[in-house]
There are 2 protein chains.
Amino acid sequence: MNLKELSDLLGLSQTTVSRALNGYPEVRESTRQKVMEAARAHNYAPNTRAKTLATGKAMTIGHVLPVSKKHEMVNPIFADFIAGAGEIYSDNGFDLLLSVVDDDSEEASYRKLVSRGAVDGIIVHGPKVNDSRIALLRELGVPFVVHGRSTEIDADYSWVDVNNTRAFQRVTEFLLDLGHRRIALLNGLADMDFATRRGAGYLAALEARGVQVDPALMFHEEMTENFGFETARKLLAADNPPTAFVASSIIPAIGVRRAISDAGLEMGKDVSVVIHDDALSYFSNDGDEPAFTAVRSSVRQAGRHVAQALINKIATPGAPVHQEMLEAVLTVGRSTGQAPALRQAMEQEK
Amino acid sequence: MNLKELSDLLGLSQTTVSRALNGYPEVRESTRQKVMEAARAHNYAPNTRAKTLATGKAMTIGHVLPVSKKHEMVNPIFADFIAGAGEIYSDNGFDLLLSVVDDDSEEASYRKLVSRGAVDGIIVHGPKVNDSRIALLRELGVPFVVHGRSTEIDADYSWVDVNNTRAFQRVTEFLLDLGHRRIALLNGLADMDFATRRGAGYLAALEARGVQVDPALMFHEEMTENFGFETARKLLAADNPPTAFVASSIIPAIGVRRAISDAGLEMGKDVSVVIHDDALSYFSNDGDEPAFTAVRSSVRQAGRHVAQALINKIATPGAPVHQEMLEAVLTVGRSTGQAPALRQAMEQEK
DNA sequence: CCAATTTACCAAAGCGCTTTGAAAATTGCA
DNA sequence: TGCAATTTTCAAAGCGCTTTGGTAAATTGG
């Protein structure tokens, strides 16, 4: 069923039917009712491609999912983020175009998305330090919003980010307050912007307290369960092991937990663990007393915010950039406790 | 830059430029070269919407991601599946349209996707027992492929599925061979088709060996880490605890592992665990001796197969249905060992 | 060398919609 | 009742592409 057929059926012109359907005022209310009803009855929905061609708006948002064919990693926060963004798109009549591209052809993929006129706007995932995509998208003149930020780029662009530095400074301070001095950091890949900021927060906390930084306790890797496990296993078996771990995501933290219990130690007593919790749906870390002490910031919520910001940007081209900082909430769970040394000292005092 | 501008620039007609670009024979090779070059130089790519309008093909595959607003779950295998499918789409010039919809309006969403002419084909995720979407999509006459199958529907439709029944029968037999008799099953939601098949495999193995089935050891729930943890915690604390667990995914199994070590037990010795491993990228369970004994079947690979099947179907409308069964590989890891009773018996024999 | 092909290109129609500009129908008011 | 103002409807153009049905130019064969 297309517009012509529907309007022939109703004995009206395509113009009138179109206007009736799209809520224009210059059509009698009784006519509109009839049209609406007929459309519903015949399951008519305007052809997307024709409509977007005529209006010049694609009503589509592009997401590029870079997937390395080498290590086959696909970011686990992606699904939750998309779910959040997708809710907003549905509510606003936008489609979501997902482009899965090989790591090294990401830029070409953005270019093509725009020159094909396939999307009205783009969301940038996982910005790196000094990310070249920002300059590219500005050059292409397409509206975009970054989930995260990119250090060293001072151009004005729209972003929604968690205050990573502050979050990691807080959890590190929290561990320091508990008497921990050797604190390992399991961070994301070094070129990722969020990892840089988290590292900075961690260092700021240590330095503010005059605690010596040990580079041998700082790790940058793909945030797999195995990374957490192997790193913690080695550290715990070595001389002078850390008494606490800061993990960039719940996934490596699960590996850390495994290594701790394999070593016959108890998490929250012998070794403390704090995490950044993205509130992934299959790894809920909530309740009165969550498994992990965490700075939490829902990535699904971030998806909603980013999507809304982009839609606003598309609706109002001239508007100023949208820059939004989300604060992470620090929640204490069962994975942290006083450093063993401090506990002993306090017991002796008694 | 659009076709008209490009052809004016070249002093050629739109027809010729279009044909040159699309590889038709009736254009001189030297002209084609010139056109190609100019297109590249000016970063011309044909407008997707105009092109698809003219050809009548959307060159887009639809995926519907149902997201319950209640429990906010988004299937963690989704991202990996999409990554696999997306690779195939990219290679074949298809776009991926992702529709995030609320649980209860999923059907309406398929309807609209088709009547809007937004997609050439649809992939069905997470089929339930007697899934109504199959009848719906047949009625709509749109090509589709199901990732999984739907019991009780005998209509011919295309699917790619893992042999879930066989896989779970095998792991259950494996545990029985090790002397386990009380084996808990942590399955997915009861209305999911895969859960039904897995349950059937588990039961078939027990029955074949004449082992009494204890319904109190079978659980159907959303496959979260917490489900695994809580279930195992309670079972291990109760009278007559199971000596082995079969988990439908690595995620609840991680919870089971946590409960085991919290109870002061050792996985692989006191309690055995086997899993279905979807080979999620952030939870690699491979290497010489993986953490978990598992039946493995890469969901990313499944994504590739499903996507390819759908593309073929679109290209050849008359072709017979595609039904493909993937077998899962049983790999022995560190999470399984002889049942304590059997071990004792064998030690006495010596 | 000229008719018959073949080659290389082009004008225009059409995909299904929105939107402009105009016409027809209705209403208001003297 | 008559005419201007207003409301309602319509025909046709246009969005950027593909494709049909040509035509002129180049090539071939006898």
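Throughout, a chain's letter reflects where its sequence line sits, starting with A, and its residues are numbered from 1. Keep in mind the model is a prediction, meaning the values are calculated, not measured. These numbers come from the heavy atoms of this one structure, side chains and all, not from hydrogens, waters or symmetry mates.
No side-chain donor from either of B:D193 and B:S150 sits under 3.5 Å from a side-chain acceptor of the other. Between the side chains of B:T15 and B:S18, no donor N or O sits under 3.5 Å from an acceptor N or O.
Taking atom OH of residue B:Y24 and atom P of nucleotide C:dT7, one finds them 18 Å apart after rounding to whole Å. Distance CD (B:Q14) to P (C:dA8): 21 Å, rounded to an integer number of Å. If you measure from atom CD of A:E26 to atom P of C:dA24, you get 19 Å, rounded to the nearest angstrom. With rounding to whole Å, A:L21 atom CG is found 15 Å from C:dT19 atom C1'. Taking atom CG of residue A:L12 and atom P of nucleotide C:dA24, one finds them 17 Å apart after rounding to whole Å.
Base engagement by B:R19 is indicated by at least one non-hydrogen atom pair under 4.0 Å involving a base atom. Residue A:S18 is classed as a base contact, given a heavy-atom separation below 4.0 Å to a base. Residue A:T15 is classed as a base contact, given a heavy-atom separation below 4.0 Å to a base. Residue-level contact check: A:T52 touches neither bases nor backbone, having no heavy atom under 4.0 Å from any strand.
For the pair A:R300 and B:V67, the minimum side-chain heavy-atom distance is below 4.5 Å.
The phosphate of C:dT7 (OP1 or OP2) has no side-chain N or O of B:R28 nearer than 4.0 angstrom.
Ionic pairing of A:R116 and B:D95 is present here: one or more N-O contacts between side-chain nitrogen and carboxylate oxygen are shorter than 4.0 angstrom. We find that B:E107 and B:R133 are not joined by a salt bridge, their nearest charged nitrogen and carboxylate oxygen being 4.0 Å or further apart.
Between B:A54 and B:S13, the residue whose closest nucleotide on DNA chain C is further toward the 5' end is B:S13.
First and last contacting nucleotides of DNA chain D toward chain B (any atom under 4.0 angstrom from a heavy atom, 5' to 3' order): D:dG16 to D:dT20.
At a non-hydrogen distance threshold of 4.0 Å, nothing from residues 36-47 of chain A comes into contact with DNA chain D.
Taking NE2 of B:H305 as the reference point, atom CD of B:E324 lies at 5.5 Å (rounded to 0.5 Å).
Of the candidates A:Y110, A:F194, A:F81, A:W159, A:H125 forms a ring-ring contact (aromatic ring centres under 6.0 Å, His included) with just one, namely A:F81. Here the options are B:L96, B:V306, B:I123, the test is side chain to side chain contact (heavy atoms under 4.5 Å, CB included), and the partner is B:I61; only B:I123 passes.
Between A:Y157 and A:F144, the angle of the ring planes stays under 30°, which puts this pair in the parallel group of the 30/60° scheme.
Here the closest heavy-atom approach between residue A:V17 and residue A:S7 is recorded as CG2-CB, 3.5 Å. Counting all heavy atoms, side chain and backbone alike, B:H147 lies closest to B:P127 at O-CD, 3.1 Å.
Axis orientation changes by 40° from one end of the helix from C:dC1-D:dG30 to C:dA30-D:dT1 to the other, with each end axis drawn from 5 pairs and the value rounded to 10°.
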